[in-house]
K.L.:
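Below is the structure I would like to discuss, written out as structure tokens.
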2 protein chains.
Amino acid sequence: MLELIRLWNSPGIFLNTTTLIIDTLRRQIAGGCLAPGHKLPAERELAVLFDTTRITVKDALSMLEAEGLIYREERRGWFVSRPRLIYNPATRSHFHELVHSQQRTAETRVLACEAVVAPGELAAEMGLAPLSRLIRICRARRIDERTVLYVEHFLRPELFPGIEQQDLSRSLTELYRRKYGLEYGRSRFDICPTAARGEAAGVLNLAQGSPVLAVSRINYDQFDRVIDCDREVWRHDAVRIRVESRGEPRTILPSTACP
Amino acid sequence: MLELIRLWNSPGIFLNTTTLIIDTLRRQIAGGCLAPGHKLPAERELAVLFDTTRITVKDALSMLEAEGLIYREERRGWFVSRPRLIYNPATRSHFHELVHSQQRTAETRVLACEAVVAPGELAAEMGLAPLSRLIRICRARRIDERTVLYVEHFLRPELFPGIEQQDLSRSLTELYRRKYGLEYGRSRFDICPTAARGEAAGVLNLAQGSPVLAVSRINYDQFDRVIDCDREVWRHDAVRIRVESRGEPRTILPSTACP
DNA sequence: GAGTGGTCTAGACCACGGA
DNA sequence: CCGTGGTCTAGACCACTCC
């Protein structure tokens, strides 16, 4: 059986076992035999099928995972990834609108809303005094029934009195505007490929140390005051960042040039 | 010995072996005992030290690798990562300038410059006819003696006659401007966490299937014509994307509003 | 309770890098 | 040549999910 698979996949070419498994699964996925959302056979089954051990199978699956073609859910199994959400951090579009515009279903779960002291280097990043008080809103966002984003917002409390009584499962952008008269102005965001740790890993159904894409952003309002900071942790296979840039000159123009 | 390490690291808390190794190394790195660029002990040595097997050690190292704290060079060993380069794909700053401004050393190696037929979906992405001819320039870029970026440029040949005779180890931006009178205008870029495949993996000294950050960009000139497309593959631990956004309204303004 | 991945053992041989 | 990671074997027990 193994020899048949080997021959079918690579007449005349030698492939080691790991590569063989990867290539075979890649073809099945590309060809549509394994459709997005489908569950792969159990690791033990694949080991028998390819006449190898679970370790080797796991290595191969991990590589496809790194590529974003498949993902795992802890102790539930391996699944074929769905298309990535195309996401532009420069536009504060509503998550639900964005997801719906790409023919997917969206859901937001509020995990926490609490007063905290600015953790770690956050106060400095936001240009606030050390030990400043902030409101922390923590949410999990799901696409097609799968949690793909863990996000914490840190708000300046003096700008958002009573926000804890609002419905936080909806767009914060909208709430800021409607209830507090604050529009987003400029912002700065950082994108950093790293690994999931702590609560984010659990919420995203990931093992500690799984690769994720961290996006952090500091937002200013229409009067150029810091409003809030948000820290997003995306499942790395679930997103593709797309930014349209107007082309920035190498010498900075005075900001009055383009109001 | 193992019990000593376990006690020292986590008095009263149970850690599994993998987590123990990760925590121990993380502390050594954070504390500066293991400085950036330093080589870790061999996997076999770590296995003895932590009284476990190479597989477990490798699992732990892979997680620190995913986090970006350490990296491997094939069959040479594991090393502590240097700080990430902060990179803004929206500004076409010269690579060497950018790297020097962050107190690092830069080097560019030209791997290829050749005429090709637009591969795959590239012609469509650039808005060109299928099977259009393009010039492909392929380069490897190094920071502090380590290859961290593999980049392919695809140029419209009619805009760049004779470019193959130019010095391509320097800034293409500068060359476009100086020799061909083309300035970059707007652009669109995509950022996608994925895995290294093919030539990129070899050049970056990565095993096939290692996680990388792919950045692809389509560039327009001052007359809003497509100039070129570039596809960057970054070692995922070597870079952090940072973009300053002016704040984009949700409804698109006519482009004449801000010339 | 059955099935799944998570973790781990205790080895082995190979291929490449570097002196 | 030696040291390194790359790859692989053939199992084991555990913790969690789902029925």
Side-chain angles (χ1 to χ4, degrees), chain A residues 2 6 14-23 25 38-66 70-80 145-147 195-197 201-211, chain B residues 2 6 14-23 25 38-66 70-80 145-147 195-197 201-211:
Chain A
L2 179 63
R6 210 181 280 275
F14 170 76
L15 290 182
N16 62 23
T17 311
T18 307
T19 312
L20 176 71
I21 299 175
I22 292 175
D23 278 17
L25 292 178
H38 276 199
K39 188 174 180 308
L40 299 186
E43 292 180 2
R44 286 173 179 80
E45 276 181 60
L46 290 171
V48 171
L49 182 62
F50 287 98
D51 190 25
T52 182
T53 61
R54 266 183 74 204
I55 302 244
T56 304
V57 168
K58 201 187 267 291
D59 276 355
L61 294 175
S62 297
M63 290 184 194
L64 288 168
E65 182 188 33
I70 64 175
Y71 64 94
R72 68 178 108 182
E73 294 194 7
E74 274 216 49
R75 289 172 224 277
R76 291 200 50 235
W78 293 86
F79 301 83
V80 179
E145 317 285 305
R146 175 181 174 225
T147 303
R197 293 178 58 189
V203 170
L204 292 172
N205 226 312
L206 288 171
Q208 298 283 325
S210 307
Chain B
L2 179 64
R6 207 182 281 274
F14 172 76
L15 290 182
N16 60 25
T17 311
T18 307
T19 311
L20 177 70
I21 298 174
I22 292 174
D23 278 19
L25 291 178
H38 276 200
K39 187 172 180 307
L40 298 186
E43 291 180 0
R44 286 171 178 83
E45 276 180 62
L46 290 171
V48 172
L49 183 63
F50 288 99
D51 190 25
T52 183
T53 61
R54 267 183 74 204
I55 302 243
T56 305
V57 167
K58 201 188 268 291
D59 276 355
L61 294 176
S62 298
M63 290 185 195
L64 288 168
E65 181 189 33
I70 63 174
Y71 65 93
R72 68 180 107 184
E73 294 193 8
E74 274 215 52
R75 290 174 225 273
R76 290 203 48 235
W78 293 86
F79 301 83
V80 179
E145 317 286 307
R146 176 179 173 224
T147 304
R197 292 178 60 188
V203 171
L204 292 172
N205 225 311
L206 288 170
Q208 297 283 326
S210 306

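Because the structure is a prediction, the values reported are computed rather than measured. These numbers come from the heavy atoms of this one structure, side chains and all, not from hydrogens, waters or symmetry mates.
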K.L.:
Check the interface with nucleotides 15-19 of chain C: list each N/O to N/O pair with the protein under 3.5 Å, or write none.
P.N.:
residue, atom, partner, partner atom, Å
dA15(C), N3, R75(B), NH1, 3.2
dC16(C), O4', R75(B), NE, 3.2
dG18(C), OP1, R76(B), NE, 2.9

K.L.:
Which residues pass the side-chain contact (heavy atoms from CB on, under 4.5 Å) test with T52(A), sequence neighbours left out?
P.N.:
T17(A), I21(A), F50(A), T56(A), V57(A)
K.L.:
Which residues, if any, of residues 38-46 of chain A bring a heavy atom under 4.0 Å of DNA chain D?
P.N.:
R44(A)
K.L.:
Could you check which of dT7(D), dA10(D), dG6(C) has an atom nearest any side-chain atom of T53(A)?
P.N.:
dA10(D)
K.L.:
What distance separates Y71(B) OH from R146(B) CZ, expressed to the nearest 0.5 Å?
P.N.:
4.5 Å
K.L.:
Within this structure, what is the NZ-to-P distance between K58(A) and dT7(D), rounded to whole angstrom?
P.N.:
17 Å
K.L.:
To the nearest Å, how far apart are I21(A) CD1 and dT9(D) C1'?
P.N.:
13 Å
K.L.:
Give the rounded distance in Å between these two atoms: CG of L206(B) and P of dG5(D).
P.N.:
16 Å
K.L.:
Within the 4.0 Å heavy-atom criterion, would you say R54(A) contacts the bases, only the backbone, or no part of the nucleic acid?
P.N.:
base
K.L.:
In whole angstroms, how far is the C1' atom of dC13(D) from the CD1 atom of I55(A)?
P.N.:
14 Å
K.L.:
For I55(A) and I55(B), run side chain to side chain contact (heavy atoms under 4.5 Å, CB included): C-alpha distance rounded to whole Å, both residues' side-chain angles, the deciding distance at 0.1 Å, then the answer.
P.N.:
CA-CA 9 Å; I55(A) 302 244; I55(B) 302 243; 3.9 Å; yes
K.L.:
Which residue, T18(A), I22(A), L46(A), forms the side-chain contact (heavy atoms from CB on, under 4.5 Å) with L61(A)?
P.N.:
L46(A)
K.L.:
Between dG6(D) atom C1' and E65(B) atom CD, what is the distance in whole Å?
P.N.:
13 Å
K.L.:
Looking at residues at least two apart in the chain, or sitting in another chain, which of them share a side-chain contact (heavy atoms from CB on, under 4.5 Å) with R75(B)?
P.N.:
none
K.L.:
Starting at NZ of K39(B), measure out to CD of E73(B) and round the result to the nearest 0.5 Å.
P.N.:
10.0 Å
K.L.:
With a 4.0 Å cutoff (strictly under), does any side-chain N or O of R72(B) reach OP1 or OP2 of dT4(D)?
P.N.:
no
K.L.:
Looking at dT7(C), dT9(C), dG6(D), which one has an atom nearest to any side-chain atom of T52(B)?
P.N.:
dT9(C)
K.L.:
Would you kindly give the CG-to-C1' distance between L20(B) and dT7(C), to the nearest whole Å?
P.N.:
14 Å
K.L.:
Can you tell me if T18(A) touches the phosphate of dT7(D), counting only side-chain N or O atoms and a distance under 4.0 Å to OP1 or OP2?
P.N.:
no
K.L.:
Mind checking what makes side-chain contact (heavy atoms from CB on, under 4.5 Å) contact with R44(A), not counting sequence neighbours?
P.N.:
R54(A)
K.L.:
Rounding to a whole Å, what distance do you find between N205(A):CG and dG6(C):C1'?
P.N.:
14 Å
K.L.:
Expressed as a whole number of angstroms, how long is the span from F50(A):CZ to dT7(D):P?
P.N.:
17 Å
K.L.:
For residues I70(B) and L25(B), determine if any side-chain heavy atom of one lies less than 4.5 Å from a side-chain heavy atom of the other.
P.N.:
no
K.L.:
Under 4.0 Å: is that the gap between some side-chain N or O of T56(B) and OP1 or OP2 of dT9(C)?
P.N.:
yes
K.L.:
Checking E74(A) now: which residues fulfil side-chain contact (heavy atoms from CB on, under 4.5 Å) with it, not counting sequence neighbours?
P.N.:
N205(A), A207(A)
